[in-house]
Amino acid sequence: MRPTVARMSDMPGPKVYNLWWGDRGIAAQKGVIQYAISPNRQRAAKNMFRNWLFNGYRRLAAQVPYFVVPFAVGYGTYTWAKSYDAWQNSKAAHEAGHAAEH
Amino acid sequence: MRTLKKNMLLRLVNSYIVDSPEPANISYLWNFGSLLGVCLVLQILTGIFLAMHYQPHVDFAFNSVEHIMRDVNNGWAIRYTHANVASFFFIFVYIHIARGLYYGSYKSPRVLLWSIGVIILVVMMATGFLGYVLPYGQMSLWGATVITNLLSAIPVFGQDLVELIWGGFSVNNATLNRFFSLHYLLPFLLAALVVAHLIALHTHGSNNPNGIGSSTDRLTMHPYFTFKDLVTIFLFFLILSIFVFYYPNMLGHSDNYIPANPMQTPASIVPEWYLLPFYAILRSIPNKLLGVIAMFGSLFILLILPITDVSRVRGNQFRPAMKLFFWFFVVNFFILMWIGSQHPTSPYVEIGQISTAFYFLWFILIVPVLGLSENTIMDVATEK
C-alpha cells in the first residue's frame, strides 16, 4: 500500500492531536523491527490470575482513601433518613407531637 | 488487505476498527463505548420485531404487549430483552460519562465529542421515556401525564404546547400514536449522532488514563482492542441473560402490569430508575417553571465543563483533591436517585434540596475553584 492512500482517506493528519501511523512525532516506521519468541515458548498468560487478584487489589486499594469517605457520608445520610422517617411514622413520634406530614 | 485499505467504504472500516491507533494504556473503562454501540443495535433489532406485533392504540396497546408475551414465538424474550437492555443502556452511559468526567475527556480538543455525547444522552432519555409509555400500563399513562405536563410551566403558551403534544386535552390515543412514531424515529437519529460522535472522536483520538498525549505509544484497534471489547460484550450478554431469564421485571415497576386507567391515579408515580436523579432535582424546587429549568439544566450543565474545568492537568489521575470530589459527585448522584424514588416528605425533601445544590455547585464552583487552586499551588511551587 502506498502511504498516500492512507493519508488521503479520512484519517487524522499531522496537524491534529491524534497522530496516524508514520506521522512525524510518532516513532519512525522505517527500520522498525519486531521480535517475537516462538509461540511454543511464549507464556502469554503468565501469572494472569495472580496478577488479576493481587495487582487488581493493589490498584483498587490505592483508590480506597478517595471513595471511602464520600460513600460513608452517603450511606450515613441514607440510614439516618430511613430511621428518621420510620420514627416520624411511629407511635412514639405521634405521642411526642412530632408526626410526618402526609 | 489492499481492498480493505483502498475501497472507498472498506477503508473507513479499516480506519475506524482495524488500523485505528489507540493509546496502549486505555483501561477497561474505555470499553463502554463499544458496549453502548451493542446496546443500540440490540434495541433497534428487538424493537423492529416488537413493532411487528404491537398495536399503538389505547384499546389494544396493553393487550398487544401481552399478546407478544404469550402468543408470539419467543416474543417474551424479545420484549424482556428490549426492556432490560434499555436499563443496561443507561447503566453503561452513566459509567461512560463518569469515565469522561474522571479522566477529563471533555477537555479541549475533545469539546465537540463531549457536546455530541450530551445531546446523545438527552435523546436517549427522550427515547426511553417515549418507549415506557407504549405498553400503556398505569405507570405509562401517568408517567406520560406528569412529564408532558412539565411543559405547561412555560409561560404564555405552555398549556397550548402541552395540548398540541397530546393531540387533545389529556394523554390519549393520538398521544400514544405519535409517541410510538417518535420512539421508532429517535433511535435512528441516535445512530446518526453516534456516527457524528465517532467522527469527532477520530479527529483527536481516545483520551487515556494519564491525560497526556499518547502518540508515542499506540496499538492498532484490531486485534488488541476488538478482542478486549469482546470480553466485556460477552460479560454483558451473560449478565443480561441472567436478568432476561431469571429477573426480567426486577428493574421495572409492577404498576405497569395494570392497564392504564385515566380514572385512577397510582399511589406514587415514579419514572424508570434511570430518570430518578433528574426527577429528584425537578421535585426539589417548589416553583414549577424553575424546577423544569433545573431538570433540563442538570443535563445541559455537562456542556460547561470544558469551560469551568480550568485545571492544567487533564483528568483526576494526578489530582487527589479532585478524586475525592469526583466520588462525592458520584455518591450525590446515587442520593438523588434514591430521593427521586421516595415520597416528597421530610427529611427526603431537604436531602434532595441539598443534593440538588451540591450537583450544580460541583460544576460551577468546586471544579473551577479546585482547578484554580491547584494551578496556583503549582505556580508557587515552580516559581524561581
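The chains referred to below are lettered A, B, ... by the order of the sequence lines, with proteins before strands, and numbering in each begins at 1. Note that this is a predicted model, so its numbers are computed, not measured.
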Identify which of A:Y66, A:Y75, A:W80, A:F67 forms the greatest number of heavy-atom pairs closer than 4.5 Å to chain B. A:Y66
Pair count under 4.5 Å, heavy atoms only, with chain A: among B:V330, B:T220, B:N332, highest is B:T220
Taking every non-hydrogen pair under 4.5 Å, which of B:A321, B:P23, B:P347 racks up the most with chain A? B:P347
When rounded to the nearest 0.5 angstrom, what distance separates CZ in B:F326 from CD in A:Q63? 10.5 Å
Using a 6.0 Å cut-off, check whether atom CZ of B:F318 has over 12 heavy atoms from anything other than its own residue. yes
Please determine whether the number of non-hydrogen atoms from other residues, nucleotides or ligands lying under 6.0 Å from atom CZ of A:R43 exceeds 12. no
Region of A:F71 in contact with chain B, defined by heavy-atom distances below 4.5 Å: both
Return the minimal non-hydrogen interatomic distance between B:Y348 and A:K82, and the atom names on each side. OH-CA, 4.0 Å
Pick whichever of B:L219, B:I339, B:I199 has the most heavy-atom pairs under 4.5 Å with chain A. B:L219
Determine the option with the most heavy-atom pairs under 4.5 angstrom with chain A, choosing from B:F328, B:F329, B:F325. B:F328
Using the rule given for side-chain contact (heavy atoms from CB on, under 4.5 Å), can you reason through B:V331 versus A:V73, listing the C-alpha separation, both sets of side-chain angles and the distance that settles it, and then say yes or no? CA-CA 9 Å; B:V331 168; A:V73 170; 6.0 Å; no
So which part of B:I351 gets closer than 4.5 Å to some heavy atom of chain A, the side chain, the backbone, both or neither? side chain
I'd like to check B:K323 versus A:P65 (side-chain heavy atoms, cut-off strictly below 4.5 Å). Are they in contact? no
